[in-house]
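Written out below as structure tokens is the structure these notes cover.
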Amino acid sequence: MTDTPKPAPLFDKLALIGIGLIGSSIALRARRDGLARQVVAATRSRKTADTANRIGVVDHCGTDLAEAVKDADLVIVCTPVGACGEAMKTIAPAMKKGAIVSEVGSVKQAVVRDMRPHVPEGVHFVPAHPIAGTEHSGPEAGFPTLFDGRWCILTPLEGVDQSAVDRLAAFWRACGSMVEFMAPDWHDMVLGIVSHLPHLIAYTIVGTADDMAGERRSEVIKFAAGGFRDFTRIAASDPTMWRDVFLNNREAVLEILGRFQEDLFYLQRAIRWGEGDKLFELFTRTRDIRRALIDMKQA
Ligand code: NAP
């Protein structure tokens, strides 16, 4: 039996700036399926670069960001959102004309605001956000199937070269993602509801339980059943990444939080006045949403 030949690489050299969960998962997938002839990375600390080299997620990982992007035809910035602008500024002078520069930030408007001014003439900037992740971080957390069956949202800006957008979309599809296109402001509002608010709630609930538990903390942990345990998993997400998400999606998150508080008061009132029908109506509606997610294989 012969192995099925791999399709021709989509890119010659892929450079990843930041090699944490997302960067290493992209690298592992690209190398597994031959999506680029060469996959390199650069990161801020020597320690992370050494780990990336030791476990072999990339052909080479260093700490010189500009060096890594030389001759790359696809560069993906995979740092926390707050560091994207500075990373772009550093790599800009070393970027090849005609190359694509993308990123994976969980927020789009702020990243576009911070990166776009530094993108050199002749380089195609196409922001993207893979909706896939875990609560783990660092190069050892990555795995090649992270993006399988998950959405990747591209937010191309006006006037961008369409063939660059098509090539990046093809790359994400080859990573296993389903690709969708959105405007950056709409992306931030949608993700504010489906991702940022749930994380904020998880951080709050776990913090509140911890404050209340005091000396009886071990009992809270011992009896943590499904609901609370699920929140603790989300609340274990990377503090740097999530600090940056909230600071950089401030307007959308504050708007959604306002609505959320109104809805919470509605439930609080229904509980106080024994209005079981209101609770039942909402819980039935939300159960349907879960079922729809299962049908769409996104559960
Ligand atoms: P991570 O595992 O914490 O890795 C972050 C990487 O960025 C590390 O290599 C880190 O380097 C590097 N870095 C941090 N600050 C830097 C700076 N100032 N200059 C250069 N490199 C820097 O993070 P991640 O989970 O992969 O997240 C990366 C991006 O993906 C974030 O923008 C996040 O919003 C987005 N995202 C995350 C998820 C998720 O679930 N985790 C999902 C979708 C999108 P050192 O270790 O060397 O300091």
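First listed ligand is number 1; within each ligand, the first listed atom is number 1. What you see is a predicted model, and the numbers here were worked out from it, not measured in a lab.
Neither the backbone nor the side chain of Lys47 has a heavy atom within less than 4.0 Å of ligand 1. At a heavy-atom cutoff of 4.0 Å, ligand 1 is contacted by both the backbone and the side chain of Ser45. Contact annotation for Ala49 and ligand 1: no heavy atom of the residue comes within less than 4.0 Å of the ligand.
Nearest protein heavy-atom contact of atom 43 (C) of ligand 1 is Pro130 O, 3.2 Å. Given atom 35 (C) of ligand 1, the protein heavy atom at minimum distance is Val104 O, 3.3 Å. The nearest heavy-atom contact from the protein to atom 32 (O) of ligand 1 is Thr79 O, 2.7 Å. At the shortest separation from atom 3 (O) of ligand 1 among protein heavy atoms lies Ser137 CB, 3.6 Å. Protein heavy atom nearest atom 26 (O) of ligand 1, with residue, atom name and distance: Ile22 N, 2.8 Å. Atom 10 (C) of ligand 1 has Thr43 OG1, 3.7 Å as its closest protein atom, hydrogens excluded (heavy atom only). Protein heavy atom nearest atom 46 (O) of ligand 1, with residue, atom name and distance: Thr48 OG1, 2.6 Å. Residue, atom and distance of the protein heavy atom nearest to atom 33 (C) of ligand 1 are Ser106 OG, 3.5 Å.
Residues Ile153 and Val190 fail the side-chain proximity criterion, which asks for heavy atoms closer than 4.5 Å.
Between His199 and Trp242, the ring planes are parallel. Angles under 30° get that label, and only those over 60° would be called perpendicular.
Scanning both residues, Gly98 and His124, for their nearest heavy atoms gives O-CD2, 3.5 Å. Of all non-hydrogen atoms in Val39 and Val58, the two that sit nearest each other are O-CB, 3.5 Å. Closest approach of Pro127 and Pro156 over heavy atoms only: CD-CA, 4.5 Å. For the residue pair Leu10 and Phe171, the shortest heavy atom distance occurs at CD1-CA, 3.7 Å. Minimum heavy-atom separation, Met95 to Ile100: CE-O, 4.3 Å. A pairwise comparison of heavy atoms in Ser106 and Met241 identifies OG-CE, 3.5 Å as the closest pair.
Shown in contact with His129 at under 4.0 Å from a heavy atom are these atoms of ligand 1, numbered in order with element: 43 (C), 44 (C). Those atoms of ligand 1 that come under 4.0 Å of a heavy atom in Gly20, given as number and element, are 1 (P), 2 (O), 4 (O), 6 (C), 9 (O), 26 (O). Of all the atoms in ligand 1, the ones that sit under 4.0 Å from a non-hydrogen atom of Val81 are 32 (O), 34 (O).
Screening Thr43, Asp50, Thr48 for a side-chain hydrogen bond (donor to acceptor under 3.5 Å, both in side chains) with Arg46, the sole residue that qualifies is Asp50. Partner Ile76 forms a side-chain contact (heavy atoms from CB on, under 4.5 Å) with one of Leu14, Ile22, Val101, Ile17 and no other, that one being Leu14.
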Practice item. Output, in order, the C-alpha distance, side-chain angles, deciding distance and verdict of salt bridge (Lys or Arg N to Asp or Glu O under 4.0 Å) for Lys89 and Asp114. Key: CA-CA 9 Å; Lys89 193 173 165 190; Asp114 294 348; over 6 Å; no
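Contact between Ala87 and ligand 1 is absent, with no heavy atom of the residue lying under 4.0 Å from the ligand. The shortest heavy-atom distance from Thr134 to ligand 1 is under 4.0 Å.
Close N/O approach between Arg44 and ligand 1 is found [any backbone or side-chain N/O within under 3.5 Å]. On a distance-only criterion, Leu21 and ligand 1 share at least one N/O pair closer than 3.5 Å. In terms of N/O distances under 3.5 Å, ligand 1 is not approached by Gly18. Polar contact with ligand 1: absent for Gly23 (N/O pair, distance under 3.5 Å).
A 6.0 Å sphere centred on CZ of Arg32 holds more than 12 heavy atoms belonging to other residues, nucleotides or ligands.
Between the choices Pro80, Ala83, Cys84, the shortest heavy-atom distance to atom 13 (N) of ligand 1 belongs to Pro80.
If you chain together hydrophobic residues whose side chains sit under 4.5 Å apart, Phe147 and Val57 fall into the same group.
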